[in-house]
Amino acid sequence: MASVKLGSKSEVFHLDGQTWLCSTGLPSDIVVQVGETSFHLHKFPLLSRSGLLENVIGEVSSKDEHKCIVQLHDIPGGAKAFLLVAKFCYGVRIELNASNVVSVRCAAEYLCMGEDYGEGNLITQAEDFLNEIFSNWSDSIKALETCEEVLPHAEELHLVSRCINSLEMKASADPGLFSWPVSGKDATESSEGVVFWNGICTTAKPHPVSEDWWYEDVCFLKFPLYKRLILAVESGSMKPERIAGSIMHYAKRHLSLLGRQSSFRNGNHAASLSTVSAPSNPDQRNLLEEIVELLPDHKGVTPTNFLLRLLRTSMILQASTSCRENLEKQVGAQLDQAALEDLLIPNMGYSVETLYDTDCVQRILDHFMLMDRGSIECTSSCIVDEGQLMGASHSLTPMTMVANLVDGYLAEVAPDVNLKLQQFQSLAAVIPEYARPLDDGIYRAIDIYLKAHPWLTDSEREQVCRLMNCQKLSLEASTHAAQNERLPLRVIVQVLFFEQLRLRTSVSSWFFVSDNLENSQNQSGNLVLGRNEAPAHAGTARRDHTVTVDDMRERVSELEKECLSMKQEMEKLVKTKGAGTHS
């Protein structure tokens, strides 16, 4: 930490209880009271340096020549700052550093210690040292922290804005251009005053500095000052990703609940309920709401999992509705980047019906659909028929990723016996049909829901099954569905029908390919023989063609057996259900 020593005289001040005495050999003729501390001093050194003390001492002395008591309870920095001021007036050596220069500067202004009362007075000395402070990152941080103690006076003298401007300039600069340690926490100084970076002299090339080097240092600021610093760097050229990174670092440091969120998936249901029932902390709630407002409003800048953690914390702390809505909108805008485990938000309501907050996820999903409407319309205009969709390869578009996420979420919440049919349907129906290349995921969720809700009527089970397209089930899912007694009979018939249709299409296409290959080989063979090329080559091609056709015939035979097996299962199922109806 940088420092400067003013004055040359040795120490003449000593403390007796709560009274400071000055042992100059002359009796004290003035008592200055600052709070509960008294200073027994002499008039001349004080009034020769301070315009305010000159006026006050003159007024008090005119009333009582023998008793001069001056009260300075409002002096910035209190007794500590006035002690340094008094020592300066007496010419006693004092040390200015980043921890006391702000309060000394404000006290000097309060006491009117300008150049009119002596060359090189305290205001000038403090200003010169402040200019040195602002050239150093760690000293600027310390100075800004101490502004809290004398905030109104520091604001009036623009000390706060000067500190913030100094920090903003350094934080926004390219760390690769630094030839000196930017953070004081990792730097040491030798007895000769040579600065070392992790034990290496800075005359050599320092270690590379990452873009987040300043995150930890600014975490020690109170939020009002931290907020002003973030707004300053935001108005500059800093990337929003770096700003979001700093805010995340600050939130993790100061929001105690952010890192202690229990997960129901780990069996901590009781612990989570105890957290919910605990009284909310007003300070933590206010801080959370301020942090959410400070986050950059750019899609994808703040990680989705962090936004969801903030959302959980906002529910525990009972944050304002606008705060929660803001988070839900931000999550919805980038829902395709979310992970399933982060989306499993425990229900924080007083009348807890479902284990997870499906209403919150519904709102987030609605926000995603609203934000992605333009891309949805563009995609929907390019939809191909379902037959082509089954065999095509698909890139994971945001809508497809969200569809997979919702299917996984539905499978997780489906076992909850309190989850109403309307809630399940509402979540599943938001996703458009074209967004799912295959319906295996939604089928799995439906099967789990039917298993956990055996009391559903036939009509209700029919409604649930309408959420999936039987034509878009894979072979494995179709085989499972054809033997699934929880599904309505109509659905099983549809599954079998589409499976047979798929079998016929596959067989027809294979025979078509086979015929084309045979014709192609015949033409190729005639050309080869016509050119008198080696006949062995043609023979090898025929053998390869024969093997390929044999493989196709074997596969067709297997599919026919599977189809026959499925028909037999269907007949058994129909007989079983028919017998149950007659009984």
Side-chain angles (χ1 to χ4, degrees), residues 261-273 275-276 303-313 315-316 327-328 331-332 334-349 352-369 396 398-431 435-456 460-461 463-468 473-474 476-477 480-481 484 486-487:
Q261 297 174 10
S262 302
S263 173
F264 286 6
R265 301 185 74 184
N266 297 330
N268 292 330
H269 192 181
S272 298
L273 289 179
T275 304
V276 174
T304 308
N305 64 337
F306 179 76
L307 292 173
L308 285 166
R309 288 174 62 190
L310 281 178
L311 182 57
R312 289 192 189 191
T313 307
M315 293 176 176
I316 296 173
L327 287 169
E328 289 173 358
V331 173
Q334 53 193 57
L335 185 58
D336 54 297
Q337 302 173 16
L340 175 58
E341 58 183 6
D342 297 319
L343 207 59
L344 295 172
I345 304 172
N347 203 329
M348 302 293 179
V352 178
E353 294 183 357
T354 56
L355 191 62
Y356 296 109
D357 195 339
T358 56
D359 292 337
C360 176
V361 175
Q362 179 76 59
R363 292 192 297 270
I364 292 174
L365 192 55
D366 291 340
H367 286 306
F368 171 79
M369 299 300 295
L396 289 180
M399 180 58 70
T400 302
M401 295 171 70
V402 171
N404 294 336
L405 182 66
V406 171
D407 291 348
Y409 180 80
L410 288 171
E412 289 290 338
V413 301
D416 189 351
V417 295
N418 292 322
L419 182 64
K420 297 178 181 178
L421 175 61
Q422 184 179 0
Q423 293 174 297
F424 185 89
Q425 285 181 299
S426 180
L427 282 169
V430 173
I431 302 298
R436 295 185 176 100
L438 288 175
D439 273 19
D440 289 15
I442 187 64
Y443 166 66
R444 176 172 173 267
I446 290 172
D447 185 40
I448 296 173
Y449 186 79
L450 293 177
K451 184 177 181 181
H453 301 76
W455 55 83
L456 292 177
E460 289 173 331
R461 287 188 294 124
Q463 291 179 36
V464 175
C465 291
R466 289 195 189 101
L467 295 170
M468 68 175 177
L473 294 178
S474 67
E476 182 181 1
H480 184 277
N484 192 343
R486 288 185 287 272
L487 297 180

*side chain to side chain contact (heavy atoms under 4.5 Å, CB included) assessment of Phe424 paired with Leu410*: CA-CA 7 Å; Phe424 185 89; Leu410 288 171; 3.9 Å; yes
_Surrounding CZ of Arg444 (heavy atoms of other residues, nucleotides or ligands, distance under 6.0 Å), is the total greater than 12?_
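No, because the 6.0 Å sphere around CZ of Arg444 holds 12 heavy atoms or fewer from other groups.
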*Side-chain contact, heavy-atom cut-off 4.5 Å: Leu335 with Leu365?*
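In short, these two side chains touch, coming nearer than 4.5 Å.
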What's the spacing between [X] [atom1] and [Y] [atom2] if we round to 0.5 Å?
X	Y	atom1	atom2	answer
Asn404	Ile442	CG	CD1	11.0 Å
Ile431	Leu467	CD1	CG	11.5 Å
Leu473	Leu438	CG	CG	8.0 Å
Glu412	Leu340	CD	CG	5.0 Å
Leu343	Ile345	CG	CD1	6.0 Å
Met315	Asn347	CE	CG	8.5 Å

Restricting to non-hydrogen atoms, name the atom on [X] and the atom on [Y] that form the minimum distance, rounded to 0.1 Å.
X	Y	value
Pro437	Ala435	CD-O, 3.2 Å
Ala445	Ala414	O-CB, 3.8 Å
Ala477	Asp440	CB-OD1, 3.5 Å
Arg461	Arg486	NH1-O, 3.0 Å
Leu487	Cys465	CD2-SG, 3.8 Å

Would you say [X]'s side chain and [Y]'s backbone share a donor-acceptor pair under 3.5 angstrom?
X	Y	value
Tyr449	Leu419	yes
Asp416	Leu355	yes
Arg312	Leu344	yes
Ser426	Gln422	no
Asp357	Cys360	yes

*asked:* Determine whether Met399 and Phe368 satisfy the following criterion, side chain to side chain contact (heavy atoms under 4.5 Å, CB included), listing intermediate values before the conclusion.
replied: CA-CA 9 Å; Met399 180 58 70; Phe368 171 79; 3.7 Å; yes
*Applying side-chain contact (heavy atoms from CB on, under 4.5 Å) between Leu327 and each of Leu307, Ile364, Thr313, report the one that passes.*
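One option only clears the test, and that one is Leu307.
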_Derivation and outcome, salt bridge (Lys or Arg N to Asp or Glu O under 4.0 Å), residues Asp407 and Arg436_ = CA-CA 10 Å; Asp407 291 348; Arg436 295 185 176 100; 2.9 Å; yes
_Assess the residue pair Asp359 and Gln423 against the criterion (side chain to side chain contact (heavy atoms under 4.5 Å, CB included)); give the C-alpha distance rounded to whole Å, side-chain angles, the decisive distance to 0.1 Å, and a yes or no._
CA-CA 8 Å; Asp359 292 337; Gln423 293 174 297; 3.8 Å; yes
_Test side chain to side chain contact (heavy atoms under 4.5 Å, CB included) on Val464 and Leu421; report intermediate values, then the result._
CA-CA 8 Å; Val464 175; Leu421 175 61; 3.0 Å; yes
*asked:* Applying side-chain hydrogen bond (donor to acceptor under 3.5 Å, both in side chains), can you list everything that pairs with Gln334, at least two apart in sequence or on another chain?
replied: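 By the side-chain hydrogen bond (donor to acceptor under 3.5 Å, both in side chains) rule, Gln334 matches Thr304.
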_Qualifying residues under side-chain hydrogen bond (donor to acceptor under 3.5 Å, both in side chains), relative to Asp366, sequence neighbours excluded_ =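 Only Gln362 meet the side-chain hydrogen bond (donor to acceptor under 3.5 Å, both in side chains) criterion with Asp366.
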*Using ring pair (Phe, Tyr, Trp, His ring centres under 6.0 Å) as the criterion, list what pairs up with Tyr443, not counting sequence neighbours.*
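Here the qualifying residues are His480.
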*List the steps and the verdict of side-chain hydrogen bond (donor to acceptor under 3.5 Å, both in side chains) for Thr354 and Asn418.*
CA-CA 5 Å; Thr354 56; Asn418 292 322; over 6 Å; no
